[in-house]
Chemist: 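Sharing a structure with you now.
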Amino acid sequence: MPVLKGAEPFRADGTDDHGHIGVVVCHGFTGTPQSMRPWAEHLAAAGYAIRLPRLPGHGTRWQDLNKTGWPDWYGEIRRAYDDIAANCDTVFACGLSMGGTLATKLAEDLGDQVAGLVLVNSAYGTLRKDAQFAPYLARVIRSWPGIGSDIKKVGMAELSYDRTPLRAVVSMQALWRLVVADLPKITAPILHFRSTEDHVVDSLSSELLHAGATTTTVTEVPLTNSYHVATVDNDAEQIFAGSVEFIREHSGARHAEADS
């Protein structure tokens with residue numbers, strides 16, 4: 001199927017003179033790079049090399065997503081990392097929702113090769129009662145209503161599917177379990193932006209992150225004027241500026257260690 005207009009991946013090769021810093025940027029479940037493009041462009045304008053891939057099964061039609069699973073999505077993020085790490089001394093990972101889950105797994109698998117994580121409403125589980133029935137429902141129905149465009153800002157919409165593919169949901173739940181189990185492996189510092197009103201990812205995810213990431217620091221910043229897709233909502237500029245500050249702080253510390 002052709003890729004939806006606006007769902008294309010984004011990349012920039014970087015112009016900074018601070019050791020070739022790269023950032024892997026990950027969009028969320030049923031979404032597209034569109035929801036992350038302004039953030040990625042802001043980071044590129046700060047001089048960083050950027051890789052914002054389109055995850056397999058996304059940006060075409062929801063039926064395609066049901067033909068993929070978390071190893072496909074994560075594989076794309078690993079390829080993005082490998083591509084950018086070939087030319088960058090320091091690599092960070094940023095993600096929204098399930099994109100945050102994938103970024104977290106990257107830090108779990110690669111250890112100190114990931115310099116830091118910037119997460120926005122990252123997902124690790126849910127309190128929703130219907131979610132526990134997804135493995136059974138997926139055997140008889142293919143999808144349920146979509147979760148996209150949970151945005152407070154008037155006139156803003158997310159390019160996402162209007163249906164949520166259930167087989168893919170079941171695979172995402174399997175990813176959650178793996179990532180939560182490995183949270184103690186993370187050594188990279190974490191900056192977590194969390195909307196105080198989010199109709200997609202509930203409080204359990206934040207609780208799991210804080211309880212599990214015991215070998216690093218987790219700094220949580222509340223977003224009071226945005227819903228779930230905060231990267232294109234009213235608090236987007238706070239995320240953009242905060243992530244640049246975080247990257248500068250932690251990449252600077254790394255280079256100071258290397259020079260000492």
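Values below: all heavy atoms of this structure, side chains included; hydrogens, waters and symmetry mates excluded.
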Chemist: Side chains of His20 and Asp89 only: does a donor on one sit below 3.5 Å from an acceptor on the other?
Modeler: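 No, because no side-chain N or O of His20 sits under 3.5 Å from a partner of the opposite role on Asp89.
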Chemist: Between His58 and Phe29, what is the ring plane arrangement, given parallel below 30°, perpendicular above 60°, and tilted in between?
Modeler: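 It falls in the perpendicular class, over 60°.
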Chemist: Roughly how far apart are Leu223 CG and His192 NE2, rounded to 0.5 Å?
Modeler: 9.0 Å
Chemist: Going by atom types alone, do Tyr227 and Asn121 pair a side-chain donor with an acceptor below 3.5 Å?
Modeler: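 No.
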Chemist: Nearest 0.5 Å, what's the CG-CG distance between Leu119 and Leu209?
Modeler: 6.5 Å
Chemist: Check this for me: does any side-chain nitrogen of one of Asp233 and Lys152 sit under 4.0 Å from a carboxylate oxygen of the other?
Modeler: no
Chemist: Are Val25 and Leu159 connected in a single hydrophobic cluster, I mean Ile/Leu/Val/Met/Phe/Trp/Tyr linked by side-chain heavy atoms less than 4.5 Å apart?
Modeler: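 Cluster IDs for Leu159 and Val25 differ.
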Chemist: Is the closest basic N to carboxylate O distance between Asp109 and Lys185 below 4.0 Å?
Modeler: no
Chemist: Donor-acceptor pairs under 3.5 Å, side chain of residues 168-182 to any protein atom, not counting sequence neighbours: which ones?
Modeler:
unit_1, atom_1, unit_2, atom_2, d
Ser171, OG, Trp70, N, 2.8
Gln173, NE2, Ala131, O, 2.9

Chemist: Does a salt bridge link Arg79 with Glu76, judged by any charged N lying under 4.0 Å from a carboxylate O?
Modeler: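 Glu76 and Arg79: salt-bridged.
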Chemist: Out of curiosity, Leu183 CG to Thr216 OG1, how far, rounded to the nearest 0.5 Å?
Modeler: 11.0 Å
Chemist: Could you go through Val232 and Ile151, starting from their C-alpha distance and side-chain angles, then the distance that decides it, and tell me whether this counts as side chain to side chain contact (heavy atoms under 4.5 Å, CB included)?
Modeler: CA-CA 8 Å; Val232 290; Ile151 300 171; 3.7 Å; yes
Chemist: From Leu208 CG over to Thr104 OG1, what is the distance, rounded to the nearest 0.5 angstrom?
Modeler: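 Spacing of CG (Leu208) from OG1 (Thr104) equals 11.5 Å.
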Chemist: Would Val221 and Ile239 count as a side chain to side chain contact (heavy atoms under 4.5 Å, CB included) here? Give the steps.
Modeler: CA-CA 9 Å; Val221 177; Ile239 296 169; over 6 Å; no
Chemist: If you measure only the distance, is there a donor-acceptor pair under 3.5 Å linking the side chains of Thr164 and Trp62?
Modeler: no
Chemist: In Å, rounded to the nearest 0.5 Å, how long is the span from CG of Leu191 to CD of Glu249?
Modeler: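 Output value for this atom pair is 9.5 Å.
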Chemist: Let's go through Arg142 and Arg163 carefully: what are the C-alpha distance in whole Å and the side-chain angles of both, what is the deciding distance for side chain to side chain contact (heavy atoms under 4.5 Å, CB included) to 0.1 Å, and is it a yes or a no?
Modeler: CA-CA 9 Å; Arg142 300 179 67 192; Arg163 302 293 297 176; over 6 Å; no
Chemist: Checking Asp202 against Thr126: is there a side-chain donor and acceptor pair closer than 3.5 Å?
Modeler: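 Result is yes, a qualifying pair exists.
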Chemist: Could you please spell out the steps behind the side chain to side chain contact (heavy atoms under 4.5 Å, CB included) verdict for Cys26 and Met36?
Modeler: CA-CA 8 Å; Cys26 317; Met36 306 296 279; 5.8 Å; no
Chemist: List the residues meeting side chain to side chain contact (heavy atoms under 4.5 Å, CB included) with Ser243, not counting sequence neighbours, and say none if there are none.
Modeler: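 Testing Ser243 for side chain to side chain contact (heavy atoms under 4.5 Å, CB included), a comparison that skips the adjacent residues, returns Trp39, Leu43, Val118.
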Chemist: Quick one about Tyr161 and Ser143 (side-chain donor to acceptor, distance below 3.5 Å, no hydrogens or angles considered), yes or no?
Modeler: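 Not at all, the side chains of Ser143 and Tyr161 share no donor-acceptor pair under 3.5 Å.
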Chemist: Kindly indicate whether the side chain of Arg11, heavy atoms from C-beta on, has any atom under 4.5 Å from the side chain of Asp83.
Modeler: yes
Chemist: Evaluate Asp72 against Lys67 for salt bridge (Lys or Arg N to Asp or Glu O under 4.0 Å), listing each step before the verdict.
Modeler: CA-CA 10 Å; Asp72 303 301; Lys67 300 173 184 176; over 6 Å; no
Chemist: Kindly indicate whether the side chain of Ile147, heavy atoms from C-beta on, has any atom under 4.5 Å from the side chain of Asp150.
Modeler: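 No, their side chains stay 4.5 Å or more apart.
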Chemist: Name each donor-acceptor pair under 3.5 Å that joins a side chain in residues 91-102 to protein atoms two or more places apart or in another chain, with its distance.
Modeler:
unit_1, atom_1, unit_2, atom_2, d
Ser97, OG, His228, NE2, 3.0
Thr101, OG1, Ser97, O, 3.4
Thr101, OG1, Met98, O, 3.4
Thr101, OG1, Ala123, O, 2.5

Chemist: Any chance you could measure Lys153, atom NZ, to Ser149, atom OG, to the nearest 0.5 Å?
Modeler: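 Separation between the atoms: 13.5 Å.
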Chemist: Using a strict 4.0 Å threshold on nitrogen-to-oxygen distance, state whether Arg194 and Asp198 make a salt bridge.
Modeler: no
Chemist: Testing the 3.5 Å rule here: is there a donor-acceptor pair between the side chains of Gln34 and His27?
Modeler: no
